[in-house]
Amino acid sequence: MPFELRDVTARRGGRTVLDGLSVRLADGASCVAGPSGSGKSTLLRLLNRLMDPDAGAVLYGGADVRERDVLDLRREVGLVPQLPALREGSVAENVALGPRLAGRPADVPRALRLAGLDESFAERDAGRLSVGEQQRVMLARALALEPRVLLLDEPTSALDVASRDAVEATLLDLRRRLGLSYVLVTHDEGQAQRLADEVFRIEDGRLA
Amino acid sequence: MSGSEVGLAEVAGALALVAVAIGVSVWERARLEGEIAVAAARAFVQLTAVGFVIELIFESDRLVFVFALIAVMVLVGTLTARHRARGVPGAFWPLLVALSLAGASTLGLVVALGVFEPEARFLVPVGGIVIGNAMTASAVALNRLGDEVAARAREIEATLALGATATEAARTLIRSSLRSGMIPLIDQTKTTGLVAFPGIMVGSLLAGAEPVDAVRLQLVILYALLGAVSLAALTAMALTYRNFFTPAHQLREPPEPQ
């Protein structure tokens, strides 16, 4: 299900972050690349309605995202934020959070495996993980809802090169095994080329 | 002179200790002399004015004036708490409801239990203590809620992104803010009588009550306060937390991108 942004303007803190942006993000792997402050993270958060635009429309599957139930949208279009933001408790409690909120059973071992973590991580304290491990738990948390699309905000910005390569391999593997589409935001041009079928560049809130 | 008859001469005599406070400030160059003098003067003027008003109400012996004074206390308490919790949007009406609920429930309880007759000389001071404590607890709880929403915005948004409603995302924040609002009174109740005698007990003793009666009266008020304060803090937060979110379960002040 593709996304489309039509003449979208978004402001934050009095500053125009996206300025009349129009773009289509097809099924598959899309990447929005650009320097810091270009509006990439804001664009991502429009796609699952963590924010609404000040002008213009965001469409998912041809329909305005505002016409859908916002909770259902967020379960179908999962977001992995840039920085880990796990809750107190075990890894299993964090991973099962989304399904529990949706009233569904959670397959925690499967979600952990898909995110490249051993099932033994389930009982670990979420507050005592390395940054790389936390990032993978965030990924597992999103995957536990079996989303149709993943939104990834700078998924490897906090990681060293080896961890970055491992996470990229996991994302490519997820595409291959699950047919999962993703929209990736990154400032790393190399990563954009390695992971995406289509790369869009934005600068100062507009397509470059 | 009985314990409850104090003349202006005695009040003037107590100014000696205000002079001590001013002297300490001058000695240490803390530059608080002006503020201390203003505080003492304001206390004199405000309490004297309140005293005249209360005397009029007591003499009129009409409950409608008592309720009017309590309503003024609730309004002033609401405005004060709102001023202290400036970072919390839309707090006025929730605080008004919270303080009204605290005052009504406590005064209703002590009258229903037969502890007091519904008379001005009981309702006014007890109402003041309840509303004052409820005001402080509500302001602390709301402030903590505002601080927590700001500090944990990323975590809240990550929870919303998993399909949580605003209520589900705010649940742990409300819990920790409620604790902040209630812990001071709980600690005060635990240590009451060990370090200082609480106010109602002191007032009762000065007015000539037997110590046992003064203690029991204080206990009734302390227990009622625990309930009233928790009710006020929870009510204020329950009616306010949604203001941090839009109807579409979005944070009104989203976290800054990193």
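Atoms considered below: every heavy atom in the structure, side chains included; atoms not considered: hydrogens, waters and symmetry mates. Given the structure is predicted, the values throughout are model-derived calculations rather than measurements. Residue numbers begin at 1 in each chain, while the letters A, B, ... track the order of the sequences.
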- Message: Whether the side chain of A:Arg74 engages the backbone of B:Leu162 through a donor-acceptor N/O pair (distance < 3.5 Å, no angle test) should be reported.
- Response: no
- Message: Can you tell me which portion of A:Asp52 sits under 4.5 Å from chain B's heavy atoms? Options are side chain, backbone, both or neither.
- Response: both
- Query: Going by heavy atoms in the side chains, are A:Arg87 and B:Thr172 under 4.5 Å from each other?
  - Reply: yes
- Note on the structure: Nearest heavy-atom approach of B:Ala164 to A:Leu101 is CB-CD1, 3.5 Å
- Item | More than 12 heavy atoms from other groups under 6.0 Å of CZ on A:Arg66 | yes
- Please say whether more than 12 non-hydrogen atoms of neighbouring residues, nucleotides or ligands are located less than 6.0 Å from CZ in A:Arg175. yes
- Select, from A:Glu154, A:Arg45, A:Glu88, the one with the greatest count of heavy-atom pairs under 4.5 Å involving chain B. A:Arg45
- Query: Taking all non-hydrogen atoms of both residues, which atom of B:Gly163 and which atom of A:Leu71 are closest, and how far apart?
  - Reply: O-CD2, 3.6 Å
- Message: Does B:Tyr223, at its OH atom, have more than 12 non-hydrogen atoms belonging to other residues, nucleotides or ligands within less than 6.0 Å?
- Response: no
- Query: More than 12 heavy atoms of other residues, nucleotides or ligands under 6.0 Å from CG of A:Asp64: is that the case?
  - Reply: yes
- Query: So which part of A:Pro84 gets closer than 4.5 Å to some heavy atom of chain B, the side chain, the backbone, both or neither?
  - Reply: backbone
- Item | B:Thr165 portion near chain A, given a 4.5 angstrom heavy-atom threshold | both
- Item | Nearest-0.5 Å distance that lies between atom CG in A:Leu50 and atom CD in B:Gln250 | 7.5 Å
- Query: Out of A:Met51, A:Met138, A:Arg141, which one racks up the most heavy-atom pairs below 4.5 Å with chain B?
  - Reply: A:Arg141
- Message: Is there a side-chain contact between B:His249 and A:Val70 in this structure, where contact means two heavy atoms from C-beta onward sitting under 4.5 Å apart?
- Response: yes
- Query: Got more than 12 heavy atoms from elsewhere within 6.0 Å of CZ, B:Arg252?
  - Reply: yes
- Query: Counting heavy atoms not belonging to B:Glu35, are there more than 12 under 6.0 Å from its CD?
  - Reply: no
- Message: Looking at A:Glu203, I'd like to know if its CD atom is crowded, meaning that more than 12 non-hydrogen atoms belonging to other residues, nucleotides or ligands lie closer than 6.0 Å.
- Response: no
- Locate the shortest heavy-atom distance separating B:Ala248 from A:Arg49; write the atom from each residue and the value. CB-NH2, 3.4 Å
- Task: Find the distance between CZ (A:Arg100) and CD (B:Glu168) and round it off to the nearest 0.5 Å.
- Result: 8.0 Å
- Message: Less than 4.5 Å apart, side chain to side chain, heavy atoms only: is that true for A:Pro81 and B:Arg154?
- Response: no
